[in-house]
Amino acid sequence: MSKKFYITTTLPYINADPHIGFALEIIRADALARFKRAQGDDVFFNTGTDEHGLKIYQKAQELGMDVQKYCDEHVEGWYKLKNALNLSYDNFIRTTDEHHIKAAQEFWRRAMANGYIYKKQYKIKYCVGCELEKTDSELVDGKCPLHPNRELEVIEEENYFFKFSEFQNKLLELYKNNHDFVVPATRLNEIKKFVEMGLEDFSISRLKSKMPWGVPIPNDDEQVMYVWFDALVNYISAIGWPDDEEKFNSWWPGVQVAGKDNLRQQSAMWQAMLMAVGSPNSEKIYINSFITSNGQKMSKSLGNVISPYEMIDKYGTDGTRYLLLSLNTFSDDMDITWQGMDDKFNADLANGLGNLVARVSNLLEKNEISINVDAKNEELKNKVVEQIELFRSDEAIKFIWEVLRKCDEVLTIKQPWKMADTDKIKNVLEPIAQNILVCADLLLPIMPETAAKIKDVFTAKEIKKGESLFPRI
RNA sequence: CGCGGGGUAGAGCAGUUGGCAGCUCGCCAGGCCCAUAACCUGGAGGUCACCGGUUCAAAUCCGGUCCCCGCAACCA
């Protein structure tokens, strides 16, 4: 029986446009999913959209639209990403899906039955100027930075709370017993420290009168679930929880990919929630760093936003996948610029891989040579597999490019274009073409179309040079 | 003394069982001419933030200083 592998991204908020950071997240998940499939594993790859909450509700109100209809329209922008980035996900969940809503409610019931949900009064700081609730971290000197002359109102509200505080020791134990539960290690360390400092219960509901756009709470008409409480449940509702237990158990626990802004939610809160309903914890959580542009956070006001669609226009789907997968997302925030990406595209893809395929296939065509395609390079394969397993596609790419570079070097030294004897030419070109084929195989999870094209070129009976893979920019 | 990360060639980075300081891009010179003005070779360029300590030997270990960046909870 083949191994089961479940991987999921986080669910982006539906009202925003697809962000480059999410593109990175989902491409990385996609590459790992494709890799596992190529290894023969049975893979389930989940993504989707988070569709509840105040922001979405307000936006729909602004537009005078029915909220569900607003979501139905906006989800199209997210569906588009599948083709644009050539994603291979098996499931696209929407938190407004009927099944998901029922799952979230069942999750609530069980957590409640186990004594981890309770009601309490709590104080909200409210800025009349903004007409918004303010958290302490938003305040400057105890005042709203936008309206420093107004006093904040304190409103008492009764909400449901989740007993997060009870899970401190269990979470610490989880981290202690699973040294790579959160990858990279620095993030595990970060969350460990956070949990060690002590946990406070958090509110998981909102008054329906103020914000009706949420999952209804079982046995309470006055409140709805706070958006992320329901959203997190998607990771298990997507694989059949709670009604299809067999399916659920066959896939869970799974691997999660998230941005560093999600470290707490995924590796602490969500894990505590799973404990609260008696489900196993996640298998592993990969935390990506952020992508910055010109050293700054991308923001509309700075005008330095790079959208995935712009990248695709310029570099193509595989070019975009390559550039993003070349980043080391486990280090500091990664800075990208158009100039830098142009340079890398030209160096690695146009001058590197593309040019190499062109020169080799051209020589094979001119001399009418076909090659034995049964090629192996175990050493390279092992190194690449190891890195992909560690979620280090950037390192895997480095190993592959070392080999490609070597191919260029051998060509220059042996100068097969000067040779007259076809056998001698073949002796030079065949091993090179075979190495390229091995690389193509290994590149399949990273650049699926390009890998297929390269395979087509060199496995043909009559090899033809064909179109260039990556024209220079 | 809140928590965490970082400061290595012009740029981006790698480099912990301590042992002549590396990679990619860019730059300069040469080679090659099959290929996408592509490819190959060589070179210039760094007192590894600073100060002190341990050691035969420190980018790497220890102590201190300066600077930068995240987070500080319900911002899903």
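Order of the sequence lines sets the chain letters (A, B, ...), proteins ahead of strands, with each chain counted from 1.
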Using the [atom1] atom on both, measure [N] against [M] and round to a whole Å.
| N | M | atom1 | value |
| --- | --- | --- | --- |
| A29(B) | C69(B) | P | 40 Å |
| C39(B) | A44(B) | P | 22 Å |
| C48(B) | C20(B) | P | 15 Å |
| G15(B) | G46(B) | C1' | 15 Å |
| G7(B) | A14(B) | P | 8 Å |
| C32(B) | U8(B) | P | 40 Å |
| C62(B) | C71(B) | C1' | 28 Å |

Once you round it to whole Å, what is the distance between [atom2] of [N] and [atom1] of [X]?
| X | N | atom1 | atom2 | value |
| --- | --- | --- | --- | --- |
| L199(A) | C74(B) | CG | P | 14 Å |
| F290(A) | C69(B) | CZ | C1' | 13 Å |
| I436(A) | A35(B) | CD1 | C1' | 11 Å |
| E409(A) | U41(B) | CD | C1' | 9 Å |
| K398(A) | C13(B) | NZ | P | 11 Å |
| M419(A) | C34(B) | CE | P | 14 Å |
| K193(A) | C3(B) | NZ | P | 8 Å |

Only counting residues at least two apart or in another chain, list the ones meeting ring pair (Phe, Tyr, Trp, His ring centres under 6.0 Å) with Y286(A).
-> F391(A)
Is the NZ or CZ atom of K120(A) both under 6.0 Å from the centre of the six-membered ring of F161(A) and within 45° of that ring's axis?
-> yes
Does any nucleotide pair with [N] by Watson-Crick or G-U wobble geometry, both distances under 3.5 Å, and what is it?
| N | value |
| --- | --- |
| A11(B) | U24(B) |
| U16(B) | none |
| G52(B) | C62(B) |
| A57(B) | none |
| C32(B) | none |

Scan L469(A) against the nucleic acid and name what it touches under 4.0 Å (heavy atoms): base, sugar-phosphate only, or nothing.
-> base
Among side-chain atoms of N288(A) and E25(A), is any donor-acceptor pair under 3.5 angstrom?
-> no
Under 4.0 Å: is that the gap between some side-chain N or O of R187(A) and OP1 or OP2 of G4(B)?
-> no
Can you check whether F229(A) and F202(A) have ring centres sitting under 6.0 Å from each other?
-> no
What's touching nucleotides 22-30 of chain B from the protein side, N or O pairs under 3.5 Å?
none

Distance-minimising heavy-atom pair for I14(A) and W78(A) | O-NE1, 3.3 Å
Could you tell me which non-hydrogen atom of L274(A) sits nearest to which non-hydrogen atom of N281(A), and how far apart they are?
-> CD1-CA, 4.0 Å
Does F202(A) lie flat on the base of C74(B), that is, centres under 5.5 Å apart and planes under 30° off?
-> no
Passing candidate, salt bridge (charged side-chain N to carboxylate O under 4.0 Å, His left out) with R94(A), options D72(A), D50(A), D230(A) = D72(A)
Only one of V360(A), L429(A), N367(A), I369(A) clears side chain to side chain contact (heavy atoms under 4.5 Å, CB included) with P416(A); which?
-> L429(A)
